[in-house]
Structures are given as C-alpha cells and as structure tokens.
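Each remark here refers to the structure printed beneath this line.
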Amino acid sequence: MTPVAGSSGPQGAHDYTEGASPIDINNVLAHSRRSSELSVYNDDEGTMFSGPGHSVNPSSVTRMSNIDPARRSWSRSRRKSHDSGVSGRLSIERRQSQDSQHSQLSRQSSQEEDVEVNSQRHTVRGRRRRSPSPSARPSVLGNWASLFGKSQATQDGRRLSFSSRRSSASLSRQSSRSDAGSEYAVETDDEERWGYSSGEENSDEELSGRDDASISRSMDYDSEPPSPTMNQGLPLLSSDPIFGGESRIEMEFSFTEMEPPPPGPPSRQQIHIEEDDSTIRLVGYEIILWRQWLWRASCILTFGILGLLGNWFPRLWLGFVTHEKAFIDIKQGFVVVESSNRDVMLISLHKLEYPFPITTVFSSSFDQSSSGSSLKSTETQTYNEETKMLRSLIIMNYRYSRFALDPRNGLFYVMRNWRDSSWASSSILQSGLQEHIRRQRARLFDRNEINIEVKSTTALLINEVIHPFYVFQVASVILWSLDNYYYYAFCIFAISIGSIATTLVETKKTIARMREMSKFNCKVNVMVDGTWAELDSTDLVPGDLVNLSSSQLTVIPADMFLLTGDAILNESMLTGESIPVSKVPVKDEDLLKWRDGKMENAKSFIYGGTKVIRIRTSVTSDGSQSRPALAVIARTGFDTTKGALIRSMLFPKPIGFKFYRDSIRFIAVLAGIALLGFSISAVQFVRIGLKWQTILIRALDLITVVVPPALPATLSIGTSFAIARLKKSGIYCISPSRINVAGKINVCCFDKTGTLTEDGLDILGVRPLDRNINRFGELLDDIHDLPLGKDKASFLHALATCHSLKMVGGDVVGDPLDVKMFEFTRWTLEEGTIGRTGVIKVKSGAVAEQAALVQTVVRPPGSAQFRLEDALKGNAKRAHFLELGVIRSFEFVSSLRRMSVVVKRLKSNSMEVYVKGAPEVMMDICEKDSFPEDYDDLLSYYTKRGYRVIAMAGKSIEGLSWLKAQRMKREQAESKLKFLGLTIFENKIKPGTTPAIQALRIAHLPCRMITGDNPLTAVSVARECGLVNPAAYVFSPSFIRGDATGPDTKLEWTCMDDPSWKLDTYSLKPFSPPLHHTAEADDIGYHDYSLVISGDVFRWMISYAPLETLQRMLVKAQVFARMSPDEKNEVIERLQGLGYTVLMCGDGANDCAALKAADVGVSLSEAEASVAAPFTANTPDIGCVLELIKEGRSALVTSFSCFKYMALYSLIQFTTVTLLYSFASSLGDFQFLYIDLFIIIPIAVTMGRTSPYPRIYHKRPAASLVSKKVLSSIIGQIIITSVVQIWAYSWVRGQEWYSPPPSPDANDDGNQLESTNFENSVLFLISCFQYILVAGVFSIGPPYRKPMWTNVLLMLSLAALTSFNLLVLLSPPQAMADLLTLMMIPTEGRLKLLLAVAINMAICILYEGFGYLAVAGIVGRIMKWRKRNWRIRETGGKVYKAVEGGMR
C-alpha cells in the first residue's frame, strides 16, 4: 500500500517520506531488516527501528555473564533432570533444526513484501514489582504483648518444617592464584570463591544470554552499565519466627541422600523451576496396604505418638508404609516433592479425562531411551500409541504449579512451559481459537484466576495443634492434670486456647487479604469461532485473541503478546517503578523464539496485573479507519508473572539464623540436664520405695520444669515490640526474624541516586561550544540564551528531539531525565495519528517487521499555525514555522551508554542525527577536532563536584532521504559526529544523609556506595556526605592492557588526585608517594586511603584476579561505581562471602536484587515492589537505617536476655525441685501457679518493652548463644543461684525449730508428693526472689538499650512482685500461707533468708557487671593458648578480619 502522511496539526500534513514510492518503501524495509541483523550493535532479534533488541523479562534475576565460563554462576540456569537424565521444554512438536530455520528465514527474506501504515510504536523497559505480603501471625505470649503495650505487632506464621534443613552453600569460588603468596591470604573450605558453585555449571543445555539493552528507571546514560541477563527476583517473606529465622539467602542446597532407584520406568525426577529459582526432586511411592493398617494400629496402641512422629518426620512413615514406585505405575500412591532445602510435601496424583491428541500437551517426539524401559503396559490405559490419542492425563499440582505426566517416557513436565507449535506468525494468531480448542485448553490449564486455597478452620486447627510446641503444651497439661495440678493446667490450657484462636483468626485474615489482592476478573472481548464474544476474564485460555481496544481494561488479566496497536502500561506492580512502559507489536521472530522455549521479549509482552495507562488502535493507510489493538494470551492463572509473584509470597525460601539454631540446641541441653537430674532423683525414689507410676510422672514433670512450654514464644516478644516501634517510625517489616539479624550488621551499603541524593534531577544549565575560541561557553540556565548556531545540527534541536517521551492525556511522560531536559527547552511534543508504522509482510501474510514513518513531532512554543511574518523575522525565539520530526530512533543501550535519533526538519533537504549519552563514550564516536580544548578539565570539574553530566553530539547529512535513513545502521549513524555541548544536572544530597553517615562511622560501621553513576561523581558525593574521608587518598583502577574480557589484561591503580601515585596491583598497598608529597610510604596507614572500582574492572577481577587481591579489593573499596543491577547483587554476595553481615539500602528501583540478597534490605520506595526487601521505609532518608540498627541490636539483646532469663528460670526451678525430690517432696500446685503465671509471664512480656539506646555503640552485641560471654553469664548465674538454694536447704535442716517431713506412704494411691515442709517453704521463698533478681540482672541497659528504669511496665511488675514476695516472706496472711502450703518460720529465720536474698542479689549484680567478663577473658586466653601451642587452625573466623589484618 502507498504510505499516506498523517495530519500534522491544524495546518495540514507534511510527508516525511517525500520522494519515496511504495516500492522504494517496501525495498528499504526489507533491506533494513536484513542489514540490521548484521549490525555489530544489534542482537539476534533483528531490531530495526529501535536500535539493539531488548529481550528483557522482569520475572527473574541472574548474575553477570561477562566472566570466565569456568567460574561462572547462574542462578537461573537451565538444569537437566538429574535422576531421569531428561531435560527438555514442553512444546507441541519438535522444532526444526537450526539449519532449516536459517534457510527458511532466508527464503522468507527474499520473498516479496508489502507495507501497511499503522501507528508508530515505542518501548521502554520495565522491571517487575512486588505485591504486598500478608500480615504475619502472632504466637503465644506474643499475643499477650498487647496487654502491656500500646499496639500489638504481629509475626509471620509458623510453618512446619518436616525435616532438618541443611545448607551447603558454597561461599567461595575458584581463582587463579598468584605465585606470590601471603600469610594473610584466606582460603575457604572449597576451592571456589564466594557465591559461585560449580554444581550449577553442569548443564549441557546452552545458557542463552540476552541483551538487556532497554531503558531502566532513569535513562541514566552515564549511570547504568549493561546487565547481561537482567531478570528480576521475587519477594521474600520470613518463615517461622522461632524455628526458621533468616540470616541470608543461601545459594545452594542439597537433597537427602537416597538408595539407588529401582529398575524400570523412572520413579525419580529432578526439575528446576526457573521462575521460582528453585529445584525440586520428585519421588514416586506406592502404599503397601498391610503396612498401612499395621501403622494405624501402632498409632492407636501408642496413643497417637507414632502418628505425630510420622507427621514431623515423614521419612519415618514413608520407610514403613510405602515403597518406591515408577510414576506411571502408581495406583494407590503419591509423589513426594522435596525442595532443595529438604522440605517435604506429599502430593496426590489426579487422573484427568483428556480425549485429545498427545501433541496438544507434550512434544511430538521424545527420547525413549530416557525412560529406561518400555511403557507398553501403561500405554493401553492412558494413551493409544497408534492413534497418538490420550485417554486420560495424570497431573500433579504442587504449590499452584501444574505438572503433567508424559505416558511415553513416564516423566513430569511443567505446564507453564507449554508452547503452541502453530505460533509461527502474528497473522496466524489473529484468527482466534475454535470453541472445541478452548474447551480442551480450559481443561488442561484450568481457569484464569489466582485463587488461593482456603483451608477449613478444622484443618487449620489441626495443623496448629500438631506443631511440636503445642503438642508439648498439651502433653504438659495432661501430665499436670494427672498430677492433680488442676489450677495450673487449666490456666496454661486457657492461654494455649487463646493463642491458637488468635492465630487462626489472623491466618484467616491473612488468607482473605491475599485472596483479595490476587483475585481479579473483568469482561473482555474474545474472538471465538471467528466472531467477537464478551467473556469473563477467568475463562481466558492460552491462544485466545483479545480485543484490548473494546475491552475497557484497567488491569491486564493475563500474560499476553501484543499483536497490533500500541500500549503504555504501569508495571509498578512488578518493578516498583512508576515510569510508563511502552509496548509495541510482537515480531514473528520473537514469537518463534517464544515457541522454541526462549524468554519473551518484554517490548511486546504485556504482563498480567499491570495497569493500563493507554491503549491505542492502529491507523490504516488512508488515515480514516483504525484497527483495534489485539493481543494473544500466552499464560493464565498462576502461570503468569503475577502468579509467580504471589506464589513466591506464599512459599518463601527458608534460610537460617544461628541464634535460633543455637536456642534449639540449648533446649536439648536443658532436656539432657533434666534427664540427668531425674536419674539422680530416681535412685532416691527407688530407695524410698515410691511406685513406678509416680516415678514416671515425676520424671516427665521434671522435663516440663527444665523445658518450659512458654520458652519459644518468649523469644519473639522483643521482636514484636521492635516491629511496633519501627512502625511508628514509618518503617514496615514483613520478615520479623530479620529484626535480630539487623543487630548483627557490620557493613552498610547504599545506592546513590534516590538514596543518598535526591530523587529528582534539576538542570543546572547547559554548556554549549564557542567555536570561535574552541572552548566551552558560559553556563546557560535559560534556553533563550542558547544560540541556534549556523550548523543545521544544533544543540537546541538535540535537546528537543533526543529522547523517548510520550504524550498521555496531554502530559509528557517518560524517563524523568528526558522530561527535565525537554521541559528545559519549553518546546511542545505531539504524538498520535501522525505517527504511522509500515508493516512488513511476506507472501504468507506473516508480519516480519513494523517501522515508524515518523515517531514524534516537536515544535517551539506558539507554532500551532504557520505565519509568513514569523518566517521573515528569522528569530529563533519566534520561529513558529519550525517543526522537527523524529524519523528513526536508536534506543538507549546500557552497554553503549547512549541513544540517538534521526531527525528531519520541515521542508529541509537534509536530516540530522543527534546522540545523547555518557561523556566518556563521545570520544569514540565524535570527530576529535570537534571537542573543545577544555573538555577534560570541565568534565572533571563537574563530575568531581557531584554533578551528573550528559553529553550531546550531532551531524547533518545532506540529501539523506527517508529511504536511506531506514537503511542506515546504528554504527553509521553514531559515527563522525560533532560534539555539541554538555547538559549539567544537579543531584543534591538529602539533608539526612550526612548526619546518618557520620553516626554510622562513629559507630565503626563501614559504609559502601554501590551506584551506576560515574566514578568521579560517586567519589565526590561520597566525600561530601562523609562516606569517604575527605582527607583520604582515593585510588581508581584502569585497564592499561586489554579489557574486561581477557585473562591477560593488566590493571593499574592510580590516585584520583595525583595520577603519578600508584598502588601495588597485587597487595593493593600504596607505593612510595611522589616526592612532592610530604607523607612517607610508612606514614600511609590503612585508613588513609580508599579504593573506588567500576563495574568492568569488578567483573574482570571476579574472573581473573588473584584470590587475595580480590579479597583485599572487597574489603578496602568504599565506592562501587558503574555497577549494573546484577553487579550490585554480586557485590552484596561477595561481601557476605567474606563474613560480613550486610545491610543494603536503596530506592527499590534497579537494586531490587541487591536488596533481596542482602542480610537486611531496606527499601526507601513506597511502591509495593519493596516486598523484595524485608523493610520498607516511607521516609525518603537513610536515617531509617540508624533506627533499624538500633532496634535490631535492642531486639537481639532482648532475645538473648529473654532466653537467658527463661533458661535461668528453668534451672532455678529445676534446682528447687531436684532438692525436694531427694526426700520425695515437690512444689505445690499454687506454688507452681504463682511462679509460672504471676512471676514469669509478666516479667517475660515486659522485658521486651525496653527501648533501644539513642546512640549506636561502636561494638556489636553478641550474636551466638555459645559465645564465651553468654555462656559465662548463664553458667555463672546458675552456679550462684544454685549455691544459695543449696545453702538454704542445708541451713533450714540445721535449725532447732526444724521438723523433718513425714516419710512418704508407699501404699498411697495418689501420685502427688507432699509439699508442706520446711525445705519446701525455704526454697520456694528464696527462689521467688531469684526469679525477680535474674530478671533485673538480665534486663541489660546501655549501650544497646535504654536503662531498665525507663521501662515503666517492667519496673511496676518488678516492684509489685518484690513487694508481694516480701509480704509472703516476712508476714504472710494465714490464708495465703495455707494456699501456698507454707510452714511458719520464726522471724529470725525469715530475716536471715532476707539477708541471703540481699547477698544473692549483690553477688549476681556484681558478677553480671564485672565478673562474667573476667571469666570470659580467662576462657578466651586459655583458648588462644591452646590454639597457639596445639597448632589448632581456626576455621570459624571471619575472612574479612584476616584480610584487614594483612593490609594493616
């Protein structure tokens, strides 16, 4: 068809294709598509009008790819099915070979093509955003915290771990070692460097790299280097706040070892789920009926104990009741799905009636040898091999992902990877589906809805009650009831019921919120049987053709490819960025890649859940009609990107925190102490002659004394109060266990733009050239002062046209930097029907390419109408006739760090090329004589002062027609340019940045900047805010031979302030300074210099640098500049590999991966995507980091204090009961009730309310229960309190008023021990004071928490309990004495007991203040002496400490 120019405003049209016939247009479009594939700047997608293709999928995160393959780690690598030996993609039929594909493409390219005119398209990259997580669940005493606080903070729900979790993360990587060794070089256990696992490199399948050349949050031409495979990760929530706390994301797990599989068809399979970045193992099992009945009988005989053990340890039940069976032969069985962290789920198989060809589900061919044996016996039941028809389909649903069993090889395939073999071109898809095909796919994929399963209240109750914690409570209640402790048992039972009820209510609310967030339906127009029908969005199936123009969509209901029209979407649901993202129609080659299992091209892929900003129809050639915007459904339901997001929130990755593991081990030690104590008491019981049932009950009762049921819940109370306080400060937490991890932070990393500096960029001005003197002109802050110049390629026109802006609702939208630059010009922009596209079609009708005839038109102010008198004036300010049309654009490419446009001026005989990008890249594409003499000086001046600088260049090409412009390659356009000038942007430091950095440095917390900006700018900002000492020397590396890709590359480290001063390239220590420096080499200390490193050097050092040099760089570098999102993530993981506990603070835009990888991620973005980080701050200031660290340290100290208190409480009571057991006595019912309910619970709850100390102390609190200080404190206090009780026990027996207790009656039918005796009374009175005493001793105040007296509720509790204990000790009312079964002790004896309590208090306070530190010091010296003399190698130390030692 003949291209027709669209309207150009009221005055009429102007044909930007003047001089071009339809045949010419067809030929140039065909040639452009072929030539673009040969462009060195292009990728394999053959992009023609938008520069290099940008195959971007915002659904996962990978690491860098520009490293040595032998040392590469891919977190999203495709993995083969290890057990089965089968790896493949689910598709309808095998693709033809590469040779046949190339020949077919070459034949298509040589065929005759025709062109239609449609609306022009443009694209901007988006990244995925996270939806908010559900509220967490409270636990036990955490529910009581609301009684003592103003607000109640909830916690994450408890998720049962069926088996122990073992991480085998390899935090090391292989490295080329230098021959020159060092005593400070630190080797890890493996021969790998941190973060790189050789286990992920065994895939035989090719890792397809993708060009991430699309536009990021801010089109930072000087700030965003390439991200070789930019995939965005999914959010992370916490697991059990008590037993499953998190420390950091583990990088690799291992499965449980198993015996070899049985012969025959496959019974095991290992599958890597790419969108979840997880690997699962499937094992088929068949139930043995007689063993199942035997198991049930055994459960009855053991009163359900065996059943509970089978529930907690599924492998026990599996080994007894089942045997391994091939998937395809399972009749009465199931599949066990084991995740890589060893969580186990039993999934039942479902048989789906499916009378359709097997090629509608699986590949048309398969590797029969992989199955291991013939499957003829099963083929007759589910599959007819002759007709290739299925009778039924065996499916399995695991975590809302559907797996289907291929009857030909007996292996499962993920249905999310299903592809339709008919998707060869967009024209084929525009006919829609037939009704019978829709019914078939609806049965295969189910409904298009994200419907979260709602468990019944009974099921939730059972799941909660069978948790080991509650089972222990129920067993304790039963035991106490048998022991006639009815009152105490009833109170604990009531507390447990209240806690369970609260948990169930919160769980129901959480599920309801998740369902409300995830469910969505609307009406859409779908083509069925060749006609349009209005259907509900839940009825959509893959392959449906949807009319976006008439559906009135506000939210996209499914993942789909755009076929015609264009769209602008808000992908903040996925990325957290509110930058509008443009979508253009899909190209046939993208569909072919998608059909062959490659990732979708984000330029034409519309993600479900994103919000619609604008959908436009396509304009036909005559300009009078329009075609609707059409899209084809690619994925539905949980298979969509939003579904993967929801699934990751429902099933987060579990990761461990050492404190919780140590606490469980400590509880086991307490249980061992209980067994030891009972063993001693049992001998005495037998000697006395007690009945065996009494001895048994006493043994079990002693366990409940030493391991109190409330212990796990107590540990979470401090975290609950910390969350509530953080919420008041505007900091929201979705992972409560990370609060304690925040107390261990020892390095803080920050993004620059939007974090340390303000979000917005203000134009300081422009610096044009003064050609007369070949230098820069003055800084101009008014566009009217900018001279137009004599050359056709002018600076003003470059500012007005070199961008990727759109018009939506009369507003200019796009990248903020582009918007600021365009607003500075005060020009107007038009976009609409004037933008047409030429559609390239082959003979078959398939769309091969679409090209814009004119994309946008810009005009100076007031040029709505052409006036002759304005043309005669010739004044640039009033040139109303001026009109510039953007003919072609090469989008911003992060690897090139620039973008460019081809512009034609109205009625001009030439076209201009304008380029905008980082100043460094202009040296390679501009003519050398076009640069002013002071180029380097002026650029250094601005970058060193923290300004962001964008360079502009251009050239005019006479006689360049529209045809030639389309044939032009990018390297042709971006060559031999003339430098035009600089645009200076001011990025101010936030007011709260400098005080926060100073506070962190005073606290001896190292700070790092990880940014995509220029190194000079980054160092300037770092010095200005105090992150780098202004007086410190900063050294920067550069390549003096080779580049980042070669192992023979040589680096040179030079001082940024004095290039003649160098660093040793191996040790990274400064050489002797030049003579003009007053300092000597020996005077340059560790803290007197710093390093800055750029992304390309960072990649090279990871791949090829010696291990020690890499370690030293990571420890010493303070500024990481020019870092891509993947490299930011890599920096975090490398620091973790050195032993750092890392905090990362960013704005949640292009640093989501780093926020997720860090031990503590803080997002300053208010967008919901911040669920990628455990913490979200609505205050755009890094001051929140100070609050978080203070609360983290306070919560960590509180957790230790509560644990130490509960441990002391248990052992104090254990000592009391053990002494009483020696003569067959025990505490009374109301004595237990008073201690456990009225003393312990109020104190345990109120201890956690102490606020953090206002300043951050320069040392971190202890983070391990097995540390010298913690153990010295606990053991010392245990000895002191036990000695006092033993003294009281001996003292009372020596008093003249003492009367011995009666001997126990062996014929007594009851199991109750006598509690009315002097020993009981004395030990009870002493221990009651000890419970209060240790609470005060362990309520640590400064330097991590405020003084204890600031906790008003704790002080009131202690005062009230102390007063009551004094009353009971000195003058107890008779009714109270009878209730507590106390003996009447003479006044003199009571005063002696009071004196003993005072002495006990003084000793405990002195020991906790001074003594335990001395003991810990002695223990430390003994350990050092032992290591030194016995030559013991320390393996548990931090690597970074050894590296620092080598550099000092």
Got a second to check how far [X]'s [atom1] is from [Y]'s [atom2], nearest 0.5 Å?
| X | Y | atom1 | atom2 | result |
| --- | --- | --- | --- | --- |
| I731 | S1163 | CD1 | OG | 12.0 Å |
| M396 | H350 | CE | NE2 | 10.0 Å |
| D639 | S401 | CG | OG | 6.5 Å |
| I328 | L411 | CD1 | CG | 9.0 Å |
| Y607 | M560 | OH | CE | 13.0 Å |
| I273 | R647 | CD1 | CZ | 7.0 Å |

State, yes or no, whether a side-chain contact exists between [X] and [Y] at a heavy-atom distance under 4.5 Å.
| X | Y | value |
| --- | --- | --- |
| L535 | L540 | no |
| Y732 | K727 | yes |
| M415 | I395 | no |
| L349 | L405 | no |
| I452 | Y400 | yes |
| Q440 | Y354 | yes |
| I394 | F327 | no |
| V321 | I287 | yes |

Which heavy atom in [X] sits nearest to a heavy atom in [Y], and how many Å separate them?
| X | Y | result |
| --- | --- | --- |
| T719 | S1199 | OG1-OG, 4.4 Å |
| K642 | G608 | CB-O, 3.5 Å |
| F638 | N451 | CE1-N, 3.6 Å |
| L308 | V471 | CD1-CG1, 3.7 Å |
| S267 | E324 | OG-OE2, 2.6 Å |
| E286 | G333 | OE1-N, 4.0 Å |

Does [X] reach the main-chain N or O of [Y] with its side chain, forming a donor-acceptor pair under 3.5 Å?
| X | Y | answer |
| --- | --- | --- |
| R402 | L444 | yes |
| N463 | A459 | yes |
| R441 | D544 | no |
| R738 | F1175 | no |
| N448 | D539 | no |

Verify side chain to side chain contact (heavy atoms under 4.5 Å, CB included) between T322 and F334, making sure each step is shown before the conclusion. CA-CA 10 Å; T322 67; F334 45 84; 3.7 Å; yes
Worked verdict on V283 versus L318 for side chain to side chain contact (heavy atoms under 4.5 Å, CB included): CA-CA 11 Å; V283 184; L318 288 172; over 6 Å; no
List the steps and the verdict of side chain to side chain contact (heavy atoms under 4.5 Å, CB included) for H323 and R291. CA-CA 10 Å; H323 67 96; R291 288 192 176 186; over 6 Å; no
Classify the angle between the aromatic ring planes of Y398 and F403 as parallel (below 30°), tilted (30 to 60°) or perpendicular (above 60°).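 Tilted, since the angle between the ring planes falls between 30° and 60°.
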Would you call the rings of F320 and W295 parallel, tilted or perpendicular, taking 30° and 60° as the class edges?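 F320 and W295: tilted rings.
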Would you say OH of Y285 has more than 12 non-hydrogen atoms from neighbouring residues, nucleotides or ligands within 6.0 angstrom? yes
Do E338 and R268 meet the salt-bridge criterion of a basic N to acidic O distance under 4.0 Å?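 Not counted as a salt bridge, because no side-chain N and carboxylate O are separated by less than 4.0 Å.
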N521 vs T538, test: side-chain hydrogen bond (donor to acceptor under 3.5 Å, both in side chains). Steps then yes/no. CA-CA 6 Å; N521 68 295; T538 57; 5.9 Å; no
Please step through side chain to side chain contact (heavy atoms under 4.5 Å, CB included) for the pair T640 and D559, ending with a clear verdict. CA-CA 6 Å; T640 62; D559 287 357; 3.6 Å; yes
